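A short write-up of the structure that comes next.
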Amino acid sequence: MRSSSSHRVLSVFQFAAASLLVIGIIRLVLENYPHSENSKRHAPAIRPSVSWTNVFSNLSQCDIFYGRWVLDDETRPLYEEKSCPYLAKQVTCQRNGRPDSLYQNWRWEPNGCTLPRFDAKTLLEILRNKRLMFVGDSIQRSQFQSMVCLIQSVIPDGKKSIHRNSPMKIFKAEEYNVTIVFYWAPFIVESNSDHAVKHNVHKRLVKLDLIDKHSQHWKGVDVLVFESYIWWMYEPLINATNGPPYNVREYNVTTAYELALRTWANWIDLNINPQTQKVFFVTSSPTHFWSYEWTTGSEGNCFNESYPIEGSYWGSGSSHDIMRILAKVIQEMKIDVTVLNITQLSEFRKDGHTSVYTERGGKLLTREQRLNHKANADCFHWCLPGVPDTWNEILYAHLLHYFYFH
Ligand SMILES: *[C@@H]1O[C@H](CO)[C@@H](O)[C@H](O)[C@H]1NC(C)=O
Ligand SMILES: *[C@@H]1O[C@H](CO)[C@@H](O)[C@H](O)[C@H]1NC(C)=O
Ligand SMILES: *[C@@H]1O[C@H](CO)[C@@H](O)[C@H](O)[C@H]1NC(C)=O
Ligand SMILES: *[C@@H]1O[C@H](CO)[C@@H](O)[C@H](O)[C@H]1NC(C)=O
Ligand SMILES: *[C@@H]1O[C@H](CO)[C@@H](O)[C@H](O)[C@H]1NC(C)=O
Ligand SMILES: *[C@@H]1O[C@H](CO)[C@@H](O)[C@H](O)[C@H]1NC(C)=O
């Protein structure tokens with residue numbers, strides 16, 4: 001059960017003299033809240049369900065990526081779909097007509113520990129004068145949107161803004177001088193799909209050894225969160241170059257993925273300052289296109305699924321080969337990259353996808369398209385609020401630890 005990533009998790013959360021440091025955190029956190037003086041009479045700004053000491057000491061004892069989903073309508077969702085103006089039509093499932101909403105009410109409970117309660121102001125304090133950038137495809141875009149929604153409600157109107165500077169989307173929280181960026185680079189390395197809107201889905205061509213066009217925009221970014229998976233998985237072979245631009249040939253996807261990842265790893269190793277910058281890599285987001293994988297004999301997909309899967313489950317859409325390559329390449333790097341291994345916990349969430357309550361080509365699916373859910377259900381993207389919020393809670397736990405204890 002213990003994988004290479006759990007080692008990193010352990011080392012991230014391990015520290016000596018936990019209680020002393022934790023007292024330090026509580027003071028730091030509370031001092032940022034003017035109303036905390038009245039905490040005896042009023043509800044304090046931060047009310048973790050357990051003490052900080054427990055949260056942190058237990059995180060150091062557990063692997064936060066193993067656990068179960070528990071129904072918790074008291075604290076979930078962490079924000080309301082309609083109160084976040086930054087969600088794209090692609091993910092606003094309620095507005096798009098999804099009849100059930102239970103998928104918003106599940107909380108991830110790791111075995112043997114509790115995730116720290118997400119607190120937007122604490123995160124903004126941590127990120128003060130910093131940039132946080134998500135690099136990847138539409139899955140990363142949803143993690144970016146989730147992050148923006150998780151924090152935006154504590155920022156008054158007029159003090160927050162979002163704008164597009166293709167291939168980037170940039171959210172700013174003025175008072176904190178915090179910048180949160182989404183950078184579209186579906187293969188991380190350069191490709192013919194790099195235009196944020198007009199990308200070529202069918203004739204993919206990846207430049208396995210080229211990254212500078214993108215990476216020049218990553219220089220000096222305080223927190224970088226990478227992800228790249230589904231764009232590789234279209235066919236077993238992929239057209240790519242690895243050297244002269246005229247030398248296009250078909251590569252085995254696994255071979256191509258490894259070459260690209262090594263290009264990325266090399267850039268990270270040469271350009272990241274581990275004293276001031278932190279790098280994360282998010283593992284593959286699972287798909288739920290074949291319901292016979294969780295209900296024997298059925299012929300559907302994620303459409304009309306309203307509960308998570310119970311018991312052990314790993315869908316065939318999540319490639320073990322790619323996972324192994326990721327683990328190997330990251331282990332061999334000089335710079336410490338923290339793996340956010342969200343695959344297994346998201347595997348259980350067959351209920352969390354946008355299904356037919358989404359858009360295609362900028363338009364909501366029509367009634368007719370929705371009825372043909374076999375052909376049209378999107379069992380890859382996730383509704384928001386939803387599963388990507390949990391990925392961000394885990395990212396938050398890491399950042400909380402990293403920036404207070406380094
Ligand atoms: C943390 O771990 C201790 C000892 O294993 C246990 O007694 C306590 O209940 C745990 N706390 C939480 C919040 O899980
Ligand atoms: C604001 O944040 C940026 C990084 O995003 C930093 O370079 C700049 O120095 C900060 N400004 C101030 C006034 O601290
Ligand atoms: C690679 O490109 C060639 C020429 O455009 C095309 O015929 C072939 O189908 C492509 N292969 C893949 C795996 O897309
Ligand atoms: C191609 O990839 C498959 C898995 O996708 C793997 O089993 C096979 O060994 C690879 N072939 C080569 C030549 O690398
Ligand atoms: C959805 O599933 C329920 C059973 O869980 C079933 O009664 C209902 O007819 C299904 N709806 C559609 C549109 O297939
Ligand atoms: C992620 O976790 C899975 C088990 O859920 C494990 O098999 C895999 O090796 C881990 N991936 C990485 C990159 O550590």
Side-chain angles (χ1 to χ4, degrees), residues 12-13 15 20-37 39 44-48 52 55-56 59 78-79 84-86 115-135 140 143-163 165 168-183 217-226 271-280 282 335-338 340 388-389 391-406:
V12 162
F13 286 111
F15 56 89
L20 273 179
L21 289 168
V22 166
I23 289 164
I25 277 204
I26 292 171
R27 281 200 22 224
L28 247 169
V29 168
L30 293 182
E31 273 161 18
N32 291 322
Y33 294 89
H35 44 293
S36 66
E37 285 153 26
S39 59
I46 300 176
R47 247 185 334 181
W52 287 99
V55 165
F56 281 98
L59 274 184
L78 292 168
Y79 56 89
C84 184
Y86 305 109
L115 284 172
R117 189 185 170 124
F118 188 92
D119 186 81
K121 286 186 174 172
T122 304
L123 183 58
L124 284 162
E125 257 338 309
I126 288 174
L127 294 176
R128 189 182 278 281
N129 297 324
K130 291 190 176 69
R131 279 186 293 165
L132 160 63
M133 187 185 275
F134 294 93
V135 180
Q140 275 294 76
Q143 195 176 350
F144 161 80
Q145 285 176 45
S146 154
M147 184 56 101
V148 168
C149 291
L150 282 165
I151 61 167
Q152 66 88 25
S153 66
V154 303
I155 308 166
D157 288 338
K159 301 286 184 195
K160 55 192 173 191
S161 63
I162 198 159
H163 74 277
N165 181 6
M168 287 180 270
K169 221 164 188 191
I170 303 166
F171 175 83
K172 285 198 165 130
E174 201 183 290
E175 289 164 302
Y176 294 86
N177 188 27
V178 168
T179 308
I180 302 179
V181 183
F182 167 64
Y183 189 105
H217 300 285
W218 309 338
K219 285 196 172 140
V221 174
D222 304 274
V223 182
L224 282 159
V225 185
F226 292 93
N271 290 278
I272 292 295
N273 175 355
Q275 303 307 319
T276 56
Q277 292 169 283
K278 185 84 194 100
V279 183
F280 294 90
V282 187
I335 298 289
D336 199 19
V337 172
T338 302
L340 298 180
D389 300 330
W391 308 345
N392 278 323
E393 287 182 84
I394 292 172
L395 175 61
Y396 171 71
H398 279 85
L399 292 175
L400 196 56
H401 181 265
Y402 181 75
F403 283 106
Y404 277 118
F405 297 115
H406 279 78

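When reading the values below, keep in mind they use all heavy atoms of this one structure, side chains included, and skip hydrogens, waters and symmetry mates. Only a predicted model underlies this, so the values are computations on that prediction, with no experimental measurement involved. Positions are given from 1 along the sequence.
- Counting only heavy atoms from C-beta outward, the side chains of M168 and M133 approach each other to under 4.5 Å.
- Looking at D389, its side chain never comes within 3.5 Å of a backbone N or O of L150 through a donor-acceptor pair.
- From I180, atom CD1 reaches atom OH of Y86 across 10.5 Å, with rounding to the nearest 0.5 Å.
- Remark: K169 is not positioned above the aromatic ring of F171, lacking an NZ or CZ atom under 6.0 angstrom from the ring centre and at most 45 degrees off the axis.
- Taking NZ of K130 as the reference point, atom CD of Q277 lies at 11.5 Å (rounded to 0.5 Å).
- A pairwise comparison of heavy atoms in R128 and E175 identifies NH1-O, 3.4 Å as the closest pair.
- Contact check for T276 versus D222: no side-chain heavy atoms found under the 4.5 Å cut-off.
- Between F134 and F182, the ring centre distance reaches or exceeds 6.0 Å.
- Looking at P116 and H401, their side chains never come closer than 4.5 Å, going by heavy atoms from C-beta outward.
- Here the closest heavy-atom approach between residue Y79 and residue C84 is recorded as CD1-CB, 4.3 Å.
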Please evaluate residues I162 and I170 with respect to the criterion side-chain contact (heavy atoms from CB on, under 4.5 Å), reporting the C-alpha separation (whole Å), side-chain torsions for both, the decisive distance (0.1 Å), and the verdict.
CA-CA 5 Å; I162 198 159; I170 303 166; over 6 Å; no
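- One finds the NZ atom of K278 at 7.5 Å from the NE2 atom of H398 (value rounded to the nearest 0.5 Å).
- Inter-residue side-chain proximity for R131 and V223 is flagged as unmet; no heavy-atom pair is nearer than 4.5 Å.
- Among all heavy-atom pairs drawn from T122 and L400, the shortest one is CG2-CD1, 3.7 Å.
- Side-chain contact between T338 and V279 is absent, with no heavy-atom pair separated by less than 4.5 Å.
- Not a single donor-acceptor pair under 3.5 Å links the side chain of Q152 to the backbone N or O of V148.
- No side-chain heavy atom of V337 sits under 4.5 Å from any side-chain heavy atom of F280.
- K160 contributes a side-chain N or O that, together with a main-chain N or O of I155, makes up a donor-acceptor pair within less than 3.5 Å.
- Note on ring orientation: taking the six-membered ring where Trp is involved, the planes of Y396 and F118 are tilted (angle from 30° to 60°).
- Nearest heavy-atom pair, A120 versus I151, reported as atom, atom and distance to 0.1 Å: CB-CA, 3.8 Å.
- Annotation: the span from L115 atom CG to I394 atom CD1 amounts to 5.5 Å, rounded to 0.5 Å.
- With contacts defined as side-chain heavy-atom distances shorter than 4.5 Å, the pair K121/Y176 qualifies.
- Between D119 atom CG and L78 atom CG the span is 11.0 Å, to the nearest 0.5 Å.
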Give the C-alpha distance, both sets of side-chain angles, the deciding distance and a yes or no for side-chain contact (heavy atoms from CB on, under 4.5 Å) between L132 and M147.
CA-CA 10 Å; L132 160 63; M147 184 56 101; 4.2 Å; yes
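- Between the NZ atom in K219 and the CG atom in L224 there is a gap of 12.5 Å [rounded to 0.5 Å].
- Looking only at distances, a side-chain donor or acceptor of Q140 sits under 3.5 Å from a matching main-chain atom of V225.
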